[in-house]
Amino acid sequence: MGLLRSVTVNTLYQMLARVVSSGSSFLIAIIIARLFGLIGYGDFAKVTAFVSLFYLLIDFGFNAIFLQKDNAYLRFLDLVAIRLFLAFLLFLCITAITYLLPYDALSGIGFSLENKSNILLFSLSLFAQAIIFSTSALFQKYFLYKQVFISTLVGSLCTLLGVLLLTIIHMSLMWILIAFLTGMYVQAFVGLFSARFLYRATKSNKTFMKTLFRETFPVALMLFFNMVYFRIDMFLLSLFRPSTDIALYDASYRVFDFLLTLPLFLSNSLYPHMLKERKNIRNKVKNEKVYYLIFISFGILVAGIFWFLSPLIFYLLRPEFIKAVIPLRILLISLPVFFLTSIMQWMLVAKKQQRFLAQAYAIFMLANIILNLFFIPRYGYIASAIITDVCEAFVALVFLFR
């Protein structure tokens with residue numbers, strides 16, 4: 001009962017945090033879509049999707065290894081320092097890449113000068129994400145997802161109020177992104193304030209940092225390959241298709257991405273218990289089967305609900321977004337599979353199979369890129385959605401027979 005209560009309570013707080021975050025994001029998407037239309041929303045999607053590609057590199061898989069350390073509360077500030085340094089390196093990397101991004105002024109395909117300026121501005125969010133990811137590790141360590149909910153609530157409300165104010169006075173997209181940045185930094189510092197009693201300020205330990213990097217590197221590779229495999233389609237669409245296509249696919253993917261966080265809540269709550277189960281083989285095998293059944297059943301239920309709700313969702317966004325129903329429904333077909341691979345991935349991390357995960361996602365990343373490069377120029381976001389389904393089905397098969 002203790003495990004059930006702990007998982008239930010912490011999953012509930014994670015879901016509340018995500019409902020608040022996604023609810024405010026959906027309202028903001030409606031505001032931006034209504035104010036700027038398909039093309040303006042497409043530009044917004046290009047900027048946020050490009051920078052978001054680098055968020056998983058900020059994660060770097062540190063939390064999964066950090067949670068295994070008995071002295072985690074002594075080394076929290078080292079974790080923050082590592083991530084802030086990584087954010088700085090990625091900021092420099094984005095600056096260099098952004099300069100090289102192509103743009104065709106006649107067709108409007110690619111990244112305009114305004115898009116590039118907004119990318120550089122929004123990339124400052126990397127530093128806020130570094131703090132948010134790090135505080136989340138402490139909250140997960142001590143099963144205090146209530147604090148995640150509080151910081152997310154405050155940050156999301158700040159973002160929403162900022163966007164509302166700026167749209168009332170008809171400010172440009174750049175100011176909307178500044179409102180997003182403000183909300184993210186508020187969330188980061190509220191999280192730091194909430195975590196102040198969970199760690200002890202100690203002298204920086206370079207040995208710990210090196211050890212964490214070494215042990216985490218396979219996880220980081222896995223997350224990098226997973227990130228590219230999972231979101232490269234949006235970047236390639238930005239290179240080969242007009243902003244209207246980007247807007248439709250991003251709108252569908254925002255809904256799908258929200259649904260993908262649901263199994264992550266359960267996985268995060270279960271992961272510390274998976275670590276404890278490693279030595280009890282009988283219980284571990286029994287629990288794995290139960291987890292599979294729960295995650296697949298939950299995925300089927302959620303996919304069915306949103307299959308029927310999707311027309312209403314996009315009509316509320318703006319009637320011209322109704323075409324986004326097609327890619328969303330294609331993506332929903334694979335939702336139960338994504339739910340299954342979510343728990344499988346963390347089971348393999350608990351078994352220290354990070355190297356295998358990195359190799360598997362590297363192969364699927366290459367396959368995804370090749371397929372998207374071949375089919376996107378011709379079939380656009382429909383091809384991207386189908387490729388996502390097919391690739392994830394193969395991921396599940398590989399994980400199942402590992």
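Only a predicted model underlies this, so the values are computations on that prediction, with no experimental measurement involved.
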Nearest 0.5 Å please: distance from the [atom1] atom of [X] over to the [atom2] atom of [Y].
{"X": "F180", "Y": "S24", "atom1": "CZ", "atom2": "OG", "answer": "7.5 Å"}
{"X": "Y185", "Y": "L124", "atom1": "OH", "atom2": "CG", "answer": "5.5 Å"}
{"X": "L332", "Y": "L259", "atom1": "CG", "atom2": "CG", "answer": "6.5 Å"}
{"X": "L248", "Y": "E320", "atom1": "CG", "atom2": "CD", "answer": "8.5 Å"}
{"X": "I176", "Y": "I32", "atom1": "CD1", "atom2": "CD1", "answer": "5.5 Å"}
{"X": "I132", "Y": "F127", "atom1": "CD1", "atom2": "CZ", "answer": "13.5 Å"}

Do you know which two heavy atoms are closest between [X] and [Y], and how far apart they sit?
{"X": "F36", "Y": "S172", "result": "CZ-C, 4.1 Å"}
{"X": "S151", "Y": "G191", "result": "CB-N, 3.8 Å"}
{"X": "E392", "Y": "V337", "result": "O-CG1, 3.5 Å"}
{"X": "F399", "Y": "A360", "result": "CE1-CB, 4.3 Å"}
{"X": "F111", "Y": "S238", "result": "CZ-CB, 3.6 Å"}
{"X": "L166", "Y": "W175", "result": "CD1-O, 3.0 Å"}

Got [X] and [Y] here, is their nearest side-chain heavy-atom distance under 4.5 Å?
{"X": "T152", "Y": "Q187", "answer": "yes"}
{"X": "L165", "Y": "M171", "answer": "no"}
{"X": "F240", "Y": "I109", "answer": "no"}
{"X": "I94", "Y": "F91", "answer": "no"}
{"X": "L340", "Y": "Y292", "answer": "yes"}
{"X": "L260", "Y": "L335", "answer": "yes"}
{"X": "F339", "Y": "P336", "answer": "no"}
{"X": "T159", "Y": "M184", "answer": "no"}

Going through the distances and angles, do S125 and V51 end up as a side-chain contact (heavy atoms from CB on, under 4.5 Å)? CA-CA 8 Å; S125 63; V51 175; 3.9 Å; yes

Residues that [X] engages under side-chain contact (heavy atoms from CB on, under 4.5 Å), provided they are two or more places apart:
{"X": "Y103", "answer": "A105, S112"}
{"X": "I305", "answer": "L301, L309"}
{"X": "R254", "answer": "Y41, F44, T48, D250"}
{"X": "I333", "answer": "W307, D389"}

Look at the side chain of S134 and the backbone N and O of A130, then say whether any donor-acceptor pair between them is shorter than 3.5 Å.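 A pair under 3.5 Å: yes.
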
Whether the side chain of S156 engages the backbone of L153 through a donor-acceptor N/O pair (distance < 3.5 Å, no angle test) should be reported. no

Within a reach of under 6.0 Å around CD1 of I39, are more than 12 heavy atoms found that belong to other residues, nucleotides or ligands?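 Not buried by this count: 12 neighbours or fewer within 6.0 Å.
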
For the ring pair F364 and Y361, is the centre-to-centre distance below 6.0 Å? no

For side-chain contact (heavy atoms from CB on, under 4.5 Å), just list the numbers for S243 and K46, CA-CA rounded to whole Å, side-chain angles, deciding distance to a tenth of an Å, and then say yes or no. CA-CA 8 Å; S243 290; K46 285 180 185 179; 3.3 Å; yes

F189 vs V154, side-chain contact (heavy atoms from CB on, under 4.5 Å): CA-CA, chis, key distance, verdict: CA-CA 10 Å; F189 287 111; V154 176; over 6 Å; no

Would you please name every residue forming a side chain to side chain donor-acceptor pair (under 3.5 Å) with Q359, sequence neighbours left out? none

Going through the distances and angles, do D233 and Y249 end up as a side-chain hydrogen bond (donor to acceptor under 3.5 Å, both in side chains)? CA-CA 10 Å; D233 51 1; Y249 191 63; 2.7 Å; yes

Distance-only donor-acceptor pairs under 3.5 Å for side chains of residues 370-386, two or more places apart:
residue	atom	partner	partner atom	Å
N372	OD1	S384	OG	3.3
N372	ND2	N368	O	2.9
N372	ND2	N368	OD1	2.6

For F298 and F295, what are the C-alpha separation, side-chain angles and deciding distance, and is it a ring pair (Phe, Tyr, Trp, His ring centres under 6.0 Å)? CA-CA 5 Å; F298 191 30; F295 276 69; 7.9 Å; no

Worked verdict on I326 versus I330 for side-chain contact (heavy atoms from CB on, under 4.5 Å): CA-CA 6 Å; I326 298 173; I330 294 172; 4.1 Å; yes

